[in-house]
Asker: 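Quick one: the structure is below, questions incoming.
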Amino acid sequence: MASNYDDSSITSILKYAQTFKDKTLRDIMSHEVAETVSDINLEYGTRRKGNFGNLVEEYVFGYSPNNDSQADFHKVGLELKTTPLKKLKSGKLVSKERLVFSMIDYMNIINETWEESSFLTKNKLLLLLFYLYEKNLDTLDYKFKIIQILDLLSDVSDADILQIKKDWETIVNKIKKGDAHLLSEADTLYLGAATKASNSSVRRQQPNNDELAKPRAFSLKQTYLNSIVQTYLGKEDKTLFSLTDDKSLPPTIEENIQSRFRPYLGKTNIEMEHELGITYKKRPKSHRRLLLNKIFGTNSNKIKELEKANITMRVIALEPSGRLTESISFPIFKYCEIVDEHWEESNFYEQLTTKRFLFIVFKKNKDGSDTLEKLKFWNFPMQDIDNAKWVWEETVKRIKDKKANELPGIKENQVAHVRPHARNKDDVLPTCYGTYEVKKCFWLNAKYIEKQLDK
DNA sequence: GCATGATCATGC
DNA sequence: GCATGATCATGC
């Protein structure tokens, strides 16, 4: 195929790529490689995931998909990434998925440094092609929406690249310890170790442990990638509070937050409210959350870096005895939909393996005040995933058996249970067998969370 | 004291 | 209007 670009020139490659904007693969190919379209149509359907990306490499840029350690456009060190956007009901365009990079080589990565890592070598310069995924469209008819070059080391902020480096080191350290089988995407903030295999039973060797581990690849988390997407679209929310605007504080998120809270640990809410100039005629129910906002110095309930890292901040109020009495809820599920899901594609699994929590722990005092005890960043440990799996599978089984009214209770499993979560008892959803049942969701058991707080 | 069901409060 | 975080009420 006569080349439409000069592969030794980034400018030339980008210029060619920019002509794709608002076009579909079918549009591009019918102009450039008309004779191959019918071949592609024949092949189409036999290919699996990665389909769109492979077609772009093969028929638009004219090289075969590879898994070299070299970048796709090796002469200029540019790696091509094709990745979908989706449209929310509100009309907002967001990233549909994480951005997945090359596989993590468990055996060799433990000898790498970040600066000379295979990840950075291959991926520091990216040509990003975002297309709009639409459910009922043929792959050839997705439209390209954003075409951008991303230079990881200079286009993202210094704070972000430091966080990404720290994430990389967190992952590598876990592998060094022989814990590759316990990796979770939720261990880290922006750069994650996402599972990547043709099926869920594939396992790989890891160093320092005979136990086999799921194959994983580096990825930029969906939430982080989405913050980049919003910038490209010119839609970033400038009112969001940013932790790293204050350059006198640590640039990495966990240290930054720890340093903001350090002066207040051990103090009561009364002392903190006095210090921060908060007065109430009547103390609102959300007073602890309002106090946290004041400590952060914002009126917004949203913090940019927490959104980018998919971290949910939760207030925990321990009883004076130190007991935690309240469990933690997850989104409600639909009885008719959950029965058709598989565990590893389920919403509950997705949440447990990608979400991080920031627990802000208060202890109630007998006089009615609270003491700010500690902060804890937490994500669901993979050691416990089989417990969660049991609860999920048991839930699906009982719904299929027409027993949506008898889902796993807190005594049946030490990690999670199912309970109502509705506006009131009339707030119901249909079951798949013609009845209605109050809205329910998965909860992490209070006693389980209480133990996790002490780890 | 705990399991379980139910509902309130708030923000988007 | 609804999802989500937070909390209450009841009965064993």
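Computed from a predicted model, the values in this text were never measured in an experiment. In the text below, chain A, chain B and the rest are named by the order of the sequence lines, each starting its count at 1.
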Asker: Under 6.0 Å between the ring centres of A:F52 and A:F144?
Answerer: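 Aromatic pair counts; centres sit under 6.0 Å.
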Asker: For A:E344 and A:K214, what are the C-alpha separation, side-chain angles and deciding distance, and is it a salt bridge (charged side-chain N to carboxylate O under 4.0 Å, His left out)?
Answerer: CA-CA 13 Å; A:E344 291 201 2; A:K214 283 188 181 186; 2.9 Å; yes
Asker: Between A:R288 and A:D370, does at least one N-O distance fall below 4.0 Å, as a salt bridge requires?
Answerer: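 Here A:R288 pairs with A:D370 in a salt bridge, since their nearest N and O are under 4.0 Å apart.
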Asker: Is it true that A:R98 and A:E185 have a side-chain N and a carboxylate O under 4.0 angstrom from each other?
Answerer: yes
Asker: Should we count CG of A:D158 as having more than 12 external heavy atoms under 6.0 Å?
Answerer: no
Asker: How many Å lie between CD on A:E319 and P on B:dG1, as a whole number?
Answerer: 10 Å
Asker: Parallel, tilted or perpendicular for A:Y142 and A:Y131, by the 30°/60° rule?
Answerer: parallel
Asker: For the helix from B:dG1-C:dC12 to B:dC12-C:dG1, what angle lies between the axis at the first five pairs and the axis at the last five pairs, to 10 degrees?
Answerer: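 Roughly 20° between the end axes, to the nearest 10°.
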Asker: Could you check whether any side-chain heavy atom of A:L318 comes within less than 4.5 Å of a side-chain heavy atom of A:L453, counting everything from C-beta outward?
Answerer: yes
Asker: For A:D426 and for A:P284, find the nucleotide of DNA chain B with the closest heavy atom, then tell me which residue's nucleotide is more 5'.
Answerer: A:D426
Asker: Using the side chain to side chain donor-acceptor pair (under 3.5 Å) rule, take A:Q452 and A:W378 through it: C-alpha gap first, then chi angles, then the decisive distance, then the call.
Answerer: CA-CA 8 Å; A:Q452 292 293 316; A:W378 182 82; 2.9 Å; yes
Asker: Going 5' to 3' along nucleotides 3-12 of chain C, which nucleotides have protein heavy atoms under 4.0 Å from the base (write B), which only from the sugar-phosphate (write S), and which from neither (write -)?
Answerer: SBBBBB----
